[in-house]
Amino acid sequence: MRQKKVWLGILVIGMFGSAAMAVAPMGPPVATLGEGQAAFGLGYAYSNADVEVSGPLTGLTGDAELDNFTNNMYYGCIAYGISDEWNVCVAAGAADAAFDADGSGKDFDGDTDFGFAVQATRTLYDNGSDTKWGTLFQYSRGQSSDTIQSAGQSFGHDAIPLGSGNYDLDLDWYEVQLALGPAVQVNPDLCIYGGPFLHFLEGDLSVKNATQDEYELQQLWELGGYIGAVINIGANASVGLEFLYTGDGWGAGVGAMFPM
């Protein structure tokens, strides 16, 4: 019975992507709830990446990317076991987005806005004791906006130039992540999981003043790796940590999960 509780707890970090951008923590790539079981959780995550940007001046400005694109994410989620092999999870929460301006200009510091995500995990192999192998799919979407009083600054290494005056910047994005790997029950109170994953991101940035310009943000399919650990703290509760890395970004999260 105790081992079963710990397996339930390894959903603790699942669905950190509730309003994420760049690299979103995912949780273990295996089903951890039995058929008909449910759980709820709360968590926080942070991510940082350099994101490519394209628009009217793409090709004329050189290295067109937004530096230090960061997110702080706060979420709640509900997970459900469709079967012993298939689990689904839905998350909703709030996030803020920020990225650096060129030079000494005012950084984009987006407001906290709504985001959501859905996730599905499938166990592919279970040795019946301490190890499961599986795969995970995650889709998340979010938005953020900021008003900048500019005296002639730019973003994205001059890819997004601003004149003088007030500019409204509205950002909308989605991302997809696919993971494959094991979850290993090291002892009754500790589970470690991780493996390789693929990440894809696409977004739209609207810059409004007297006119309106549209820019596209993207990270094409990138290969990364992630690792997480979950600790059973008793009373049917677990806490955990996760870290992810790709060549252009990284993410981390902490959270807690409780069976329903």
Side-chain angles (χ1 to χ4, degrees), residues 16-17 19-26 45-73 95-113 115 117 138-164 167-178 196-209 211-226 243-253:
F16 269 123
M21 188 169 186
V23 182
M26 296 175 289
Y46 173 88
S47 66
N48 181 295
D50 296 330
V51 179
E52 296 179 5
V53 60
S54 60
L57 298 180
T58 299
L60 302 177
T61 61
D63 187 14
E65 66 178 20
L66 300 176
D67 295 331
N68 292 321
F69 200 114
T70 62
N71 292 97
N72 293 284
M73 297 158 274
D96 56 47
F99 51 83
D100 292 348
D102 297 336
S104 59
K106 181 183 182 300
D107 296 340
F108 176 93
D109 187 12
D111 58 359
T112 300
D113 214 324
Q138 180 167 289
Y139 171 89
S140 56
R141 195 171 192 99
Q143 58 188 19
S144 189
S145 61
D146 191 16
T147 298
I148 293 178
Q149 185 174 1
S150 170
Q153 68 173 79
S154 63
F155 295 96
H157 301 195
D158 295 324
I160 306 175
L162 305 183
S164 297
Y167 285 79
D168 293 325
L169 279 67
D170 296 316
L171 176 63
D172 188 357
W173 71 87
Y174 76 91
E175 66 179 326
V176 176
Q177 291 178 191
L178 302 171
F197 72 97
L198 290 171
H199 174 261
F200 175 86
L201 177 147
E202 190 170 77
D204 295 313
L205 178 64
S206 175
V207 180
K208 303 175 185 178
N209 191 320
T211 61
Q212 179 171 321
D213 293 319
E214 301 292 338
Y215 298 87
E216 182 177 353
L217 281 61
Q218 66 177 8
Q219 286 181 336
L220 300 179
W221 289 108
E222 290 189 341
L223 178 65
Y226 80 122
F243 178 80
L244 307 88
Y245 178 80
T246 69
D248 288 325
W250 63 275

Validation row: [X], [Y] side chains within 4.5 angstrom (heavy atoms):
X	Y	value
L169	Y215	no
H157	D102	yes
L223	T246	no
M26	L244	yes
L171	L217	yes
I160	V207	yes
K106	D146	yes
V53	F69	no

Is there a donor-acceptor pair closer than 3.5 Å between any side-chain N or O of [X] and the backbone N or O of [Y]?
X	Y	answer
D204	E216	no
S47	T70	no
D113	S144	no
Q219	D50	yes
D111	S145	yes

Rounded to the nearest 0.5 Å, what separation is found between the [atom1] atom of [X] and the [atom2] atom of [Y]?
X	Y	atom1	atom2	result
F200	Y139	CZ	OH	10.5 Å
Q177	W221	CD	CH2	9.0 Å
L205	D170	CG	CG	8.0 Å
D96	N72	CG	CG	4.5 Å
E202	E52	CD	CD	11.5 Å
D213	K208	CG	NZ	12.0 Å

**Report entry** Aromatic centroids of F155 and F99 separated by under 6.0 Å
**Finding:**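 Distance test on ring centres: under 6.0 Å, yes.
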
Taking all heavy atoms of [X] and all of [Y], pick out the closest pair and write down the distance.
X	Y	result
S154	P161	CB-CA, 3.9 Å
D107	A101	OD1-N, 2.8 Å
A97	F108	O-CE2, 3.5 Å
S150	G163	OG-O, 2.7 Å

Requested in this report: Tell me, yes or no, whether the heavy-atom count around Q149 atom CD, taken from other residues, nucleotides or ligands under 6.0 Å, exceeds 12.
Outcome: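 For Q149, atom CD is not crowded (no more than 12 foreign heavy atoms under 6.0 Å).
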
Report task. Output all residues satisfying side-chain hydrogen bond (donor to acceptor under 3.5 Å, both in side chains) with E214, sequence neighbours left out; order by chain, then residue number. Result ->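 Only S206, Q212 meet the side-chain hydrogen bond (donor to acceptor under 3.5 Å, both in side chains) criterion with E214.
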
Requested in this report: Give the ring-plane orientation class for Y226 versus F197, where under 30° counts as parallel, over 60° as perpendicular and anything between as tilted.
Outcome: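 Taking F197 first and then Y226, their aromatic rings stand perpendicular (interplane angle over 60°).
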
Requested in this report: Among E222, E175, Q138, find the residue that satisfies the side chain to side chain donor-acceptor pair (under 3.5 Å) test when tested with H199.
Outcome: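 Among the candidates, only E175 passes.
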
